[in-house]
S.K.: 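If you scroll down you'll find the structure; I have some questions about it.
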Amino acid sequence: METQLPDDFRCPISLEIMSDPVILPSGHTFDRVSIQRWLDSGHRTCPITKLPLPEHPCLIPNHALRSLISNYTLVSPSKLQPCPQPQILISSLTSQSSHVGTKLNSLTHLVRLTKHDSGFRRKLTELGAAPGVLKCVGSDDPSLQEKALSLLLNLSLDDDNKVGLVAEGAINRVIKVLRFGSPDCRAIAATIITSLAVVEVNKATIGAYPDAIQALVWLLISGKGREKKEAATALYAICSFADNRRRAIDCGAVPILISLLDSGLERAIEVLGLLVKCKEGREEMMKVNGCVKVLVSVLRNGSSRGVQYGLFTLNCLCTCCERLCFEAINEGVVEICMGLMEEENEKIRRYTSSLVQTLRENHAFG
């Protein structure tokens, strides 16, 4: 059973013991994961007071409370109650007689135990936990599904588990959640795709599923902030495998990514930086009105990583199309490049030199 800690140690949103407590401008403390999820869903009020928050509220770490929680756990072993054996928890997930509440309780224990313990994650998979977890992922109960997805994500963190989870049928379950799950479940499902795609062989396997990439592209269109970001991250992970780039392009990813980039989702430039490597990707980008303007905007306002991908993408396009070279010049890219030549980042300097050379070779400027 869970440790009997004071209620003040519990997040007001998740009602679970906080692992990373942070303070909102309203003065109330929440677990970082829970309040970030609240903010990413578009809320700009304090969950407790309902008072408005700044557009980009600062989350201040509550070090004092975090230390209290940690110390209380260490010095109060008498307040701990024994956790059920893993095999019992796993069995409750597959048992026909288990109620939703029982399964939810088992999943809560397993999520907590697998969060930071790689040895326990491996033990669970060896005990055959995957089928029971995946069965709960397919549940119609949103709470049960979300907790099962969290456990599946934890299990996928170990490379030794990634191929096995895919072989057990995790991708089919996750794709269905991407389509029909709640916003929080869809975001976790996309994160699971990213985690599983760390192993090279899984990238090809995931991309070969007829609806996998299509579901991620659909999430880019229909999702909210966190969902879009996680979907873009998943696409980036699986599109490092060349065949998946064409699949993403065929699903209409290019114009959607450019639109999202223009709206401020910088993660989109990383995916475009992969798709531009193939002919089909470059051709699709050339068809999008204002593509060059959006890319130049990234060079002007993006993060260091965003600028790298922006330079690379723009150079690939300008290499293939003289018209785009002149568009880039008209958008002020030369002046931006002159400034980037002084960057400390060696990659940025190298990509900047390549872009300037491409513009010269196409006689866009002297």
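Residues take their numbers from the sequence shown, with the count starting at 1. Below, all heavy atoms of this structure are taken into account, side chains as well, without hydrogens, waters or symmetry copies.
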S.K.: Looking at E227 and K224, does any basic side-chain N land under 4.0 Å from a carboxylate oxygen?
M.R.: no

S.K.: Give, for atom SG of C316 and atom CG of L275, the distance between the pair rounded to the nearest 0.5 Å.
M.R.: 11.5 Å

S.K.: Regarding R246 and E280, does a basic nitrogen lie under 4.0 Å from an acidic carboxylate oxygen?
M.R.: yes

S.K.: Carefully, step by step, assess S118 and D158 under the rule side chain to side chain donor-acceptor pair (under 3.5 Å).
M.R.: CA-CA 7 Å; S118 60; D158 286 0; 4.7 Å; no

S.K.: Which of these passes side-chain contact (heavy atoms from CB on, under 4.5 Å) with C185: V174, L178, V177?
M.R.: V177

S.K.: Check whether S41 reaches the backbone of H43 with its side chain - one donor and one acceptor, N or O, closer than 3.5 Å.
M.R.: no

S.K.: Between D141 (side chain) and L144 (backbone), is there a donor-acceptor pair under 3.5 Å?
M.R.: yes

S.K.: The test is side chain to side chain donor-acceptor pair (under 3.5 Å); show your working for E266 and S303 and say whether it passes.
M.R.: CA-CA 8 Å; E266 192 178 78; S303 66; 2.4 Å; yes

S.K.: May I ask you to say whether K162 pairs ionically with E200, meaning some side-chain N is under 4.0 Å from a carboxylate O?
M.R.: no

S.K.: For the SG atom of C136 and the CG atom of L93, what is their distance to the nearest 0.5 Å?
M.R.: 4.5 Å

S.K.: Any donor-acceptor pair under 3.5 Å linking the side-chain atoms of S354 with those of N315?
M.R.: no

S.K.: Using only atom types and a distance under 3.5 Å, with no angle test, would you say the side chain of R245 pairs donor to acceptor with the backbone of G281?
M.R.: no

S.K.: Should V288 and L261 be counted in the same cluster of Ile, Leu, Val, Met, Phe, Trp and Tyr side chains packed under 4.5 Å apart?
M.R.: yes

S.K.: Determine, stepwise, if the pair S19 / K115 fulfils side chain to side chain donor-acceptor pair (under 3.5 Å).
M.R.: CA-CA 11 Å; S19 60; K115 190 172 184 179; 3.2 Å; yes

S.K.: Looking at R122 and E126, is there a salt bridge between them, counting it only when a charged N and a carboxylate O are closer than 4.0 Å?
M.R.: no

S.K.: Under 3.5 Å, side chain of R121 to main-chain N/O of T114, donor-acceptor pair present?
M.R.: yes

S.K.: So, are R349 and E346 salt-bridged, with charged N and O less than 4.0 Å apart?
M.R.: no

S.K.: For P255, does its backbone N or O pair with a side-chain atom of S259 as donor and acceptor, under 3.5 Å?
M.R.: no

S.K.: Flag the pair E16 and K147 as a salt bridge only when some basic side-chain nitrogen lies within less than 4.0 angstrom of an acidic carboxylate oxygen.
M.R.: yes

S.K.: In terms of ring plane angle, is the pair Y309 and Y236 parallel, tilted or perpendicular, where the classes change at 30° and 60°?
M.R.: perpendicular

S.K.: Of all heavy-atom pairs between L134 and G169, which one has the smallest distance, and what is that distance?
M.R.: CD1-C, 4.1 Å

S.K.: Judged by modelled atom types alone, do T191 and E230 share a side-chain donor-acceptor pair under 3.5 Å?
M.R.: yes

S.K.: May I ask you to decide if F326's main-chain N or O and N330's side chain share a donor-acceptor pair within less than 3.5 Å?
M.R.: yes

S.K.: Between atom CD of E284 and atom CG of L272, what is the distance when rounded to the nearest 0.5 Å?
M.R.: 11.5 Å

S.K.: Should we count CD of E342 as having more than 12 external heavy atoms under 6.0 Å?
M.R.: no

S.K.: Apply salt bridge (Lys or Arg N to Asp or Glu O under 4.0 Å) to the pair E327 and R323, showing each step before the final yes or no.
M.R.: CA-CA 6 Å; E327 282 190 30; R323 171 181 62 83; 2.6 Å; yes

S.K.: For a side chain to side chain donor-acceptor pair (under 3.5 Å) check, start with the C-alpha distance between H109 and R112, then their side-chain angles and the critical distance, and finish with the verdict.
M.R.: CA-CA 5 Å; H109 282 302; R112 177 168 53 83; 3.1 Å; yes

S.K.: Mark yes when over 12 heavy atoms from residues, nucleotides or ligands other than K135 sit less than 6.0 Å from its NZ; otherwise mark no.
M.R.: yes

S.K.: If only atom types and distance count, is the side chain of S98 paired as donor or acceptor with the main-chain N or O of T94 below 3.5 Å?
M.R.: no

S.K.: When you measure from the side chain of T108 to the backbone N and O of L104, does any donor-acceptor pair fall under 3.5 Å?
M.R.: yes

S.K.: If you measure only the distance, is there a donor-acceptor pair under 3.5 Å linking the side chains of S92 and S106?
M.R.: yes

S.K.: Counting distance only, does the side-chain N/O of D262 pair as donor-acceptor with the main-chain N or O of I258 below 3.5 Å?
M.R.: no

S.K.: Donor-acceptor check, side chain of E331 to backbone of V292, threshold 3.5 angstrom: yes or no?
M.R.: no

